[in-house]
K.L.:
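Encoded as structure tokens, here's the structure I'll be asking about.
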Amino acid sequence: MKSFKRVTGIVAPLDRLNVDTDQIIPKQFLKSIERTGFGDNLFDAWRFGDEGAIGKTPNERRINPDFVLNQPRYQDAGILLTRGNFGCGSSREHAVWSLLEFGFRCVIAPSFADIFLSNCFKNGLLPIVLKEKTIDRLFEMIDATPGFEISVDLPAQEVRLPDGERFEFAIDPFKKRTLLEGLDDIGLTMDHREEIAAFEAKHRKRMPWVFTS
Amino acid sequence: MSAQTLYDKIWSAHAVGKRADGQTMLYIDLQLLHEVTSPQAFAGLELAGRNLWRVGANLATPDHNVPTDNRELGLDGIVDAVAKQQVVTLDENCRRYGITQFDILDRRQGIVHVVGPEQGATQPGMTIVCGDSHTSTHGAFAALAQGIGTSDVEHVMATQCLVQSKAKNMRVQVDGALRDGVTAKDLILSIIGAIGTAGATGHTIEYLGSGITDLSMEGRMTLCNMSIEGGARAGLVAVDDKTLEYLHGRPLAPRGEPWDLAHEYWVTLRSEAQALFDSNFRIDATSLIPQVTWGTSPELVIGIDSATPNPDRAGDEAEAQSLQLALDYMGLVADQPMVEITLDRIFIGSCTNARIEDLRGAASVVKGRKVARGIKQALVVPGSGLVKAQAEAEGLADVFLEAGFEWRAAGCSMCLAMNPDRLQPGERCASTSNRNFEGRQGHRGRTHLVSPMMAAAAAVQGYFVDVRGML
Ligand code: SF4
């Protein structure tokens with residue numbers, strides 16, 4: 001997994017509530033057996049005016065000029081600002097893969113859906129929860145200031161604005177370490193293999209019917 | 001120790017221990033696999049040189065991508081080469097690792113959340129995962145069943161553990177029985193309408209009360225299925241006689257002495273009377289009427305006797321804007337009565353509503369009637385090959401066919417439109433599935449979520465009606 005320490009970048013504002021993973025990456029692009037190749041179809045139905053298909057590149061598509069990510073000022077955005085319950089719906093990890101591939105390293109919202117949140121941490125995408133009021137203000141500032149950049153500092157757990165204002169954010173200490181060091185999550189559990197085997201033996205005695213096949 | 005909830009009990013029976021990070025390693029009894037979210041997990045496992053921890057804990061079937069016609073052609077019936085590769089990859093992976101799979105030609109193939117309970121693989125007190133958010137369905141059997149992402153699928157393959165922190169407990173109390181023509185689907189839609197799609201985020205829901213004990217196992221599965229639409233990863237219903245009766249004699253359920261042993265444990269799977277929940281919601285089932293979603297999120301739902309909301313009357317600017325976006329996408333206007341809305345297609349299927357009881361309910365409305373002329377297509381897609389066979393044996397297939405429905409082979413089909421069954425841009429569908437997100441059933445398609453009986457009523461009328469007037 002990619003590690004995450006600090007990111008400074010343009011913030012793209014996606015002013016919608018309950019953005020679901022079907023919007024982040026529509027199902028017709030989930031037919032791949034790879035972990036890559038999803039970035040071109042991030043928010044496909046919003047970014048483009050025509051229906052996409054696997055293998056069609058963005059150059060061959062009709063761009064929807066009204067969609068925020070297509071506006072020139074947000075072209076190089078590395079941070080996404082959005083509204084509550086981001087990532088609800090389907091468990092598809094492809095949603096996180098496509099955000100990362102498109103170039104986002106961090107998503108800021110007042111709340112996230114549970115499965116999406118776990119998927120973020122498995123892939124080095126940093127989800128930051130800030131207060132609704134702060135988010136409102138960020139939306140206003142972005143709108144008023146072309147080229148508005150912020151810095152996200154994971155070690156300090158801070159979001160910094162150009163004028164020096166700072167917002168602290170909370171993160172589970174271990175999840176923080178996983179992101180900072182890009183740790184292999186499965187490897188960490190494998191270190192406990194004897195404990196798991198011992199539990200399994202006990203469990204097998206207690207619930208033998210579970211182990212019939 | 002304080003009184004335990006059902007969730008507390010299953011959690012503590014599977015907690016292996018904590019990792020250095022304070023997260024719990026939760027032992028997983030059963031992992032269900034399908035073709036869309038497993039290939040990258042198998043590939044990751046191989047890349048890291050790891051093996052499957054316990055082969056017997058896995059069960060697979062292809063469902064998301066498979067076409068629902070020309071099933072006798074098997075893999076050759078899959079026209080889309082990319083989709084076919086996914087199904088073939090699942091075949092290969094299952095063969096290589098020795099995993100039991102009900103493949104595309106197997107009569108037991110079907111939607112993974114229909115197949116698990118039907119085979120008796122889903123059992124009370126188990127921990128179950130699948131790379132699919134509607135894994136919550138299996139909670140109807142008092143199993144802690146959760147949807148996970150592909151990295152976690154790989155994690156469970158390699159370690160038999162899901163690493164997570166415990167969720168909070170939420171109690172949804174349902175009092176009184178549903179009236180005729182009102183189903184578990186209407187109940188769960190009402191609950192989501194009330195608590196919102198993020199209402200249960202961070203919680204495991206347990207459904208309790210006379211309204212729940214009154215439901216069949218099929219109804220409980222419909223209810224638990226859509227827990228995720230309320231934000232909860234898992235929904236639970238305690239074990240009672242109906243649970244045991246449903247399971248008894250299923251192919252993968254224990255029998256003989258192991259059954260007796262299991263039985264003894266299973267009946268303890270209920271929350272203790274004194275158990276405290278972190279949050280509570282109560283609903284009266286007797287007052288419910290059939291529900292229809294009008295917008296692009298499952299929480300945007302109203303009774304069939306109501307009209308679409310008016311953004312002018314919204315609480316604030318943001319809400320008004322969000323309502324207007326949904327109305328625009330759906331091609332509706334403010335204050336539009338639901339009973340005026342005409343439809344292009346009807347879809348009866350999905351892991352929410354494609355079990356035998358759902359098909360019986362729909363057929364009871366369709367019987368002796370015809371699909372309305374304005375409807376371009378009315379599809380019935382059974383949840384599994386076995387549901388299909390049973391419906392044919394009971395004469396339900398004939399009822400649908402005589403009325404002008406298409407009768408298909410099992411799969412997810414138009415629930416998510418990864419296969420050829422889909423809406424065309426602008427088309428409007430009455431669907432028994434679980435998500436009305438933009439484009440869910442096809443690019444620019446419009447979805448209204450309803451019960452199977454309401455979908456059947458809409459099919460014969462051509463527009464939404466209160467099915468209670470047709471019984
Ligand atoms: S039927 Fe629909 S919701 Fe259920 S597993 Fe298939 S795609 Fe997902």
Side-chain angles (χ1 to χ4, degrees), chain A residues 15-18 20 22-23 26-28 30-35 45 51-52 54 83-85 88-94 96 111-116 118-119 122-123 172-175 177-178 184-193 195-196 199-200 203 206-213, chain B residues 16-17 19-23 25 27 29 36-37 39-40 43 48 50 56 65 80 82-83 85-86 89 100 123 125-126 131-133 147-152 154-155 158-161 163-164 197-198 201-202 231 233 254 258 261-262 265 297 318 322 416-418 435 437-440 443-444:
Chain A
D15 196 356
R16 286 187 80 133
L17 199 63
N18 295 326
D20 58 77
D22 271 84
Q23 300 321 314
K27 74 279 171 151
Q28 65 264 38
L30 307 187
K31 291 177 187 168
S32 163
I33 58 169
E34 312 291 335
R35 260 178 190 265
E51 185 176 358
I54 288 184
R83 298 289 182 182
N85 201 25
C88 61
S90 154
S91 60
R92 59 188 71 163
E93 199 161 315
H94 313 66
V96 171
S111 63
F112 293 91
D114 285 341
I115 305 179
F116 179 82
S118 337
N119 289 341
K122 309 274 169 182
N123 291 279
D172 172 273
F174 182 81
K175 291 209 169 103
R177 216 187 98 204
T178 327
D184 168 19
D185 192 42
I186 298 180
L188 292 175
T189 306
M190 287 299 262
D191 291 344
H192 294 267
R193 58 161 75 75
E195 205 181 333
I196 300 170
F199 175 90
E200 190 173 55
H203 191 52
R206 220 172 13 156
M207 292 173 63
W209 59 87
V210 170
F211 293 83
T212 45
S213 44
Chain B
V16 173
R19 286 197 325 195
D21 53 337
Q23 296 196 87
M25 294 177 285
Y27 187 84
D29 294 319
V36 176
T37 55
Q40 296 90 348
R50 292 178 175 133
N65 245 335
D80 181 341
V82 201
Q85 189 191 12
Q86 261 184 349
T89 303
T100 304
Q123 295 164 18
M126 273 186 166
D132 188 282
S133 58
I148 57 177
T150 296
S151 293
D152 273 336
E154 184 184 337
H155 203 127
T159 68
Q160 212 53 47
C161 289
V163 176
Q164 62 180 186
T197 48
T201 302
R233 263 195 180 188
L261 204 61
Y265 174 61
S297 162
S322 153
L416 94 162
M418 262 184 97
R435 287 188 175 137
F437 298 153
E438 289 184 16
R440 171 81 177 181
H443 186 66
R444 310 272 336 142

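Within every chain, numbering begins at 1; the chains are lettered A, B, ... in the order of the sequence lines, protein sequences first and strands thereafter.
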K.L.:
Quick one: what part of A/Phe199 sits under 4.5 Å from any heavy atom of chain B, side chain, backbone, both or neither?
P.N.:
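Side chain of A/Phe199 only, per the 4.5 Å heavy-atom cut-off to chain B.
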K.L.:
Would you mind telling me which of A/Gly89, A/Gly84, A/Ala45 has the largest number of heavy-atom pairs within less than 4.5 Å of chain B?
P.N.:
A/Gly89
K.L.:
Can you say whether A/Phe112 sits under 4.5 Å from chain B via the side chain, the backbone, both, or neither, judging by heavy atoms?
P.N.:
backbone
K.L.:
When rounded to the nearest 0.5 angstrom, what is the spacing between CD in B/Gln123 and CH2 in A/Trp209?
P.N.:
8.5 Å
K.L.:
Does B/Arg435 form a side chain to side chain contact (heavy atoms under 4.5 Å, CB included) with A/Ser90? I'd like the steps, not just the answer.
P.N.:
CA-CA 9 Å; B/Arg435 287 188 175 137; A/Ser90 154; 3.5 Å; yes
K.L.:
Given a strict heavy-atom distance threshold of 4.5 Å, which part of A/Leu30 is in contact with chain B: side chain, backbone, both, or neither?
P.N.:
both
K.L.:
With heavy-atom distances below 4.5 Å as the criterion, would you say the side chains of A/His203 and B/Asp29 are in contact?
P.N.:
yes
K.L.:
Find the one option among A/Asn123, A/Asp114, A/Ile54, A/Asp172 whose heavy-atom pairs under 4.5 Å with chain B are most numerous.
P.N.:
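Looking at each of A/Asn123, A/Asp114, A/Ile54, A/Asp172 in turn, A/Asp114 comes out on top.
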K.L.:
Got a second to check how far A/Asn18's CG is from B/Ser322's OG, nearest 0.5 Å?
P.N.:
7.0 Å
K.L.:
For chain A, find which of B/Pro39, B/Ala43, B/Cys161, B/Gly149 contributes the most heavy-atom pairs closer than 4.5 angstrom.
P.N.:
B/Gly149
K.L.:
Regarding A/Arg35 and B/Glu154, does a basic nitrogen lie under 4.0 Å from an acidic carboxylate oxygen?
P.N.:
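Counted as a salt bridge, because a side-chain N and a carboxylate O are separated by less than 4.0 Å.
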K.L.:
For a 4.5 angstrom cut-off between non-hydrogen side-chain atoms, does B/Val16 reach A/His192?
P.N.:
no
K.L.:
Flag the one option from B/Val36, B/Leu416, B/Asn65 with the top tally of heavy-atom pairs under 4.5 Å to chain A.
P.N.:
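Counting heavy-atom pairs under 4.5 Å, the top option is B/Leu416.
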K.L.:
Need one label for A/Pro208: side chain, backbone, both or neither, based on atoms under 4.5 Å from any heavy atom in chain B.
P.N.:
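Side chain of A/Pro208 only, per the 4.5 Å heavy-atom cut-off to chain B.
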K.L.:
Is a donor from one side chain sitting under 3.5 angstrom from an acceptor on the other, for B/Thr197 and A/Asn85?
P.N.:
yes
K.L.:
Show your working on side chain to side chain contact (heavy atoms under 4.5 Å, CB included) between A/Asp22 and B/Glu438 and close with a plain yes or no.
P.N.:
CA-CA 8 Å; A/Asp22 271 84; B/Glu438 289 184 16; over 6 Å; no
K.L.:
Tell me, out of A/His94, A/Gln28, A/Arg92, A/Arg83, who's got the most heavy-atom pairs with chain B below 4.5 Å.
P.N.:
A/His94
K.L.:
Does A/Lys31 use its side chain to pair, donor to acceptor, with the backbone of B/Asp80 at less than 3.5 Å?
P.N.:
no
K.L.:
Checking A/Arg177 against chain B: side chain, backbone, both or neither under 4.5 Å from a heavy atom?
P.N.:
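Contact with chain B involves no heavy atom of A/Arg177 at all.
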K.L.:
Looking only at heavy atoms and a cut-off of under 4.5 Å, which of A/Glu200, A/Arg206, A/Gln23, A/Met190 has the most pairs with chain B?
P.N.:
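The option with the most such pairs is A/Glu200.
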K.L.:
Measuring heavy-atom distances to chain B, does A/Asp191 have an atom under 4.5 Å in its side chain, in its backbone, in both, or in neither?
P.N.:
neither
K.L.:
Could you look at A/Glu51 and say if it's the side chain, the backbone, both or neither that has a heavy atom under 4.5 Å from chain B?
P.N.:
both
K.L.:
Are A/Glu93 and B/Gln40 side-chain neighbours, meaning at least one heavy-atom pair lies under 4.5 Å?
P.N.:
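No. Closest side-chain heavy atoms not under 4.5 Å.
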K.L.:
Indicate yes or no for a side-chain donor-acceptor contact from B/Gln85 to the backbone of A/Ser32 under 3.5 Å, with no hydrogens or angles considered.
P.N.:
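Looks like no, no N/O pair under 3.5 Å.
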K.L.:
For residues A/Ser118 and B/Arg233, determine if any side-chain heavy atom of one lies less than 4.5 Å from a side-chain heavy atom of the other.
P.N.:
yes
K.L.:
Evaluate the side-chain proximity of B/Arg19 to A/Thr189: yes if any heavy-atom separation is below 4.5 Å, no if none is.
P.N.:
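Yes; the side chains approach each other to less than 4.5 Å.
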K.L.:
Hey, is B/Arg50 close enough to A/Asp184 for a salt bridge, meaning N to O under 4.0 Å?
P.N.:
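Between A/Asp184 and B/Arg50 there is a salt bridge, with a charged N closer than 4.0 Å to a carboxylate O.
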K.L.:
Are any non-hydrogen side-chain atoms of A/Glu195 and B/Met25 less than 4.5 angstrom apart?
P.N.:
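Yes; the side chains approach each other to less than 4.5 Å.
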K.L.:
Atom CE in A/Met207, atom OH in B/Tyr27: separation rounded to 0.5 Å?
P.N.:
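A/Met207 atom CE to B/Tyr27 atom OH measures 10.0 Å (nearest 0.5 Å).
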K.L.:
Given a strict heavy-atom distance threshold of 4.5 Å, which part of A/Asn119 is in contact with chain B: side chain, backbone, both, or neither?
P.N.:
side chain
K.L.:
Tell me, side chain or backbone of B/Thr89 under 4.5 Å from chain A's heavy atoms, or both, or neither?
P.N.:
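For B/Thr89, the contact with chain A is made by the side chain alone.
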K.L.:
With a 4.5 Å cut-off on heavy-atom pairs, point out which of B/Gln23, B/His155, B/Arg444 contacts chain A the most.
P.N.:
B/His155
K.L.:
Pick one of side chain, backbone, both or neither for B/Ala158, based on which atoms fall under 4.5 Å of a heavy atom in chain A.
P.N.:
both
K.L.:
For the interface with chain B, which of A/Leu17, A/Leu188, A/Val96 has the highest count of heavy-atom pairs at distances below 4.5 Å?
P.N.:
A/Leu188
K.L.:
Heavy-atom pairs under 4.5 Å with chain A: which of B/Thr37, B/Val163, B/Asp152 has the most?
P.N.:
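Heavy-atom pair counts peak at B/Asp152.
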K.L.:
At a heavy-atom separation under 4.5 Å, does B/Ala318 approach chain A through its side chain, its backbone, both, or neither?
P.N.:
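Neither part, no heavy atoms under 4.5 Å.
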K.L.:
Counting only non-hydrogen atoms closer than 4.5 Å, does B/Tyr265 touch chain A with its backbone (N, CA, C, O), its side chain (CB onward), both, or neither?
P.N.:
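Interface part for B/Tyr265: side chain.
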K.L.:
Tell me, do A/Ile115 and B/Ile148 make a side-chain contact under 4.5 Å, heavy atoms counted?
P.N.:
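Result no, sub-4.5 Å side-chain heavy-atom pair not found.
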K.L.:
Could you check whether A/Lys175 pairs with B/Asp21 (Lys NZ or Arg NE/NH1/NH2 to Asp/Glu carboxylate O, under 4.0 Å)?
P.N.:
no
